[in-house]
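Working notes for the structure below.
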Number of protein chains: 2
Amino acid sequence: MATDRRMRGATKSSTLLERLKRRGWRLTAQRRVIAEAMGGAHVHLTADEVFARASDRLPEISRATVYNTLNELAKLGEITEVALGSGAKRYDPETVNRHQHLVCEGCGITRDVHPDGESRLALPVAERDRFTLNRVEIVFWGLCPKCVGAART
Amino acid sequence: MATDRRMRGATKSSTLLERLKRRGWRLTAQRRVIAEAMGGAHVHLTADEVFARASDRLPEISRATVYNTLNELAKLGEITEVALGSGAKRYDPETVNRHQHLVCEGCGITRDVHPDGESRLALPVAERDRFTLNRVEIVFWGLCPKCVGAART
DNA sequence: CTCCATGCAAAAGGTTTGCACTCCC
DNA sequence: GGGAGTGCAAACCTTTTGCATGGAG
C-alpha cells in the first residue's frame, strides 16, 4: 500500500527503497525510515530535516546515522547532494529524471524544473575530450512572484 | 605597476580594487589586501584561503574581517559565491565575463570554462514570466584526465 | 570628529569520527 | 556468528556575532 504511489508516467522507475533492495543494500529499520523520508520527487531536504522526519517514525534514530546514510546514498548515486548556497547541504532523491533547480533568493523556496526544447547545454568543445563529464548541475537564481512584490515596498 | 596587468582583451575591465575605489568603497589596509588576494581571474578561493593570503601581507588581519568583507563584496555583486559541494564556500572574482565551472570529482580542481556557440540555456517557458531570473549557475562535474587514469588502477 | 571597519573571543551551526554495542544476513 | 550498521558524545570545521577600540574620510 505504500508501493503503488509513484508508479506513474516516468521511466518505469520505482521507489528509492525498492531500488536499494534490488541492489542488495543491507536493510535496517533506520535505513528504511531514512529512505522513506527521502521518498517523493520535488523534495530537497537538509540532513536535519531528514532526521526530523525519520525521528517521527523511529525516535531512537541518531543524527550520525542519518548523516552516514545520506553520504552513502550519495556515493551510490541514489540521491544527489545539491549545494544551494546558504546553510546546509540538501539532498535530492530524484535521480531518474533529469532536471534543474529554480531557487528564489528571497524566500529560498526551491523547485524542480524540466528543460524544454529550447535548451541545449554542452561542455565547450575545447574540453570535450579532455574531461570525462558525469553530470551537469544547473541552478536558476532569481525571485519568485511573491518576493518580487515584497521587494518593491 | 600593479595597474597594467589584466588590461587585455576583455571588456575594458579593471581590477577588483579599482572598481571598488570607483564605487567609493571605504578603503582600509585590510580591505585592500583582501581585494588583492581575490585578484586574478580563474581563482576560486575559500574564505580561509583568502585569510591565509591576506595574512601574508598583513599578519594582524582577523578571520572575522575576511568573512565580513567577502560577504559584503558578494552583496555588492563584485564577487560571486560558488557552492562547489564539499566543504567551504568559494568566492569567484570574475564577475565581468560570463562563464561556467568545471569541477573534477577526483581531485577537486576547479576551472572556468566559457560557453561556446553550441550551448543555449533558457528557463523553461512555463516559468519564464512567473519568475524573475537573476543568474544561472552551471557546474560540470566529472573527472579530469589525471583522475580518469588514476581511477582505473 | 564621526561613523564605520576591525580584532578578539565566544557561540552558533553543520558534519564527522571513535568506540562499544546491536542485529541483519 | 561475523561484520556491517548504530547510538552517543566529543571533536572539527566553517561562519556569525557582540562589544570595545581604532582609523578613514
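First the proteins, then the strands, lettered A, B, ... as listed; each starts at 1.
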Mutual orientation of the aromatic rings belonging to His99(B) and His114(B) [parallel < 30°, tilted 30-60°, perpendicular > 60°]: tilted

Whether His44(A) and His101(A) hold their rings parallel, tilted or perpendicular, with breakpoints at 30° and 60°: perpendicular

Base versus backbone protein contacts along nucleotides 19-25 of chain D [heavy-atom cut-off under 4.0 Å; B, S, -]: ----BBS

Figure out the [atom1]/[atom2] separation between [X] and [N], and round it to whole Å.
{"X": "Arg32(B)", "N": "dT6(C)", "atom1": "CZ", "atom2": "P", "value": "12 Å"}
{"X": "Glu60(A)", "N": "dT22(C)", "atom1": "CD", "atom2": "C1'", "value": "13 Å"}
{"X": "Lys89(A)", "N": "dG13(C)", "atom1": "NZ", "atom2": "P", "value": "18 Å"}
{"X": "Lys21(A)", "N": "dC25(C)", "atom1": "NZ", "atom2": "C1'", "value": "15 Å"}
{"X": "Leu70(B)", "N": "dA5(C)", "atom1": "CG", "atom2": "P", "value": "15 Å"}
{"X": "Glu72(B)", "N": "dA5(C)", "atom1": "CD", "atom2": "C1'", "value": "9 Å"}
{"X": "Arg63(B)", "N": "dC12(D)", "atom1": "CZ", "atom2": "C1'", "value": "13 Å"}
{"X": "Phe51(B)", "N": "dT14(D)", "atom1": "CZ", "atom2": "P", "value": "13 Å"}

salt_bridge(Glu72(B), Arg31(B)) N-O dist < 4.0 Å: yes

salt_bridge(Arg120(B), Glu118(A)) N-O dist < 4.0 Å: no

Any pair counted as salt bridge (charged side-chain N to carboxylate O under 4.0 Å, His left out), so long as it reaches residues 50-60 of chain B, sequence neighbours left out: Glu36(B)-Arg57(B)

Counting any heavy atom closer than 4.0 Å, what does [X] reach on the DNA or RNA strands: base, sugar-phosphate only, or nothing?
{"X": "Ala64(A)", "result": "base"}
{"X": "Asn68(A)", "result": "base"}
{"X": "Thr69(B)", "result": "sugar-phosphate"}

If the cut-off is 4.0 Å, is [X] near the phosphate of [N], judged by side-chain N/O to OP1 or OP2?
{"X": "Gln30(A)", "N": "dG7(D)", "result": "yes"}
{"X": "Arg31(B)", "N": "dT6(C)", "result": "yes"}
{"X": "Tyr67(A)", "N": "dT16(C)", "result": "no"}

Residues, nucleotides or ligands: over 12 heavy atoms within 6.0 Å of Arg98(A) CZ: no

Nearest listed nucleotide, side chain of Thr65(B), among dT15(C), dG7(C), dT15(D): dG7(C)

Ala74(B): side-chain contact (heavy atoms from CB on, under 4.5 Å) partners, not counting sequence neighbours: Ile79(B), Glu81(B)

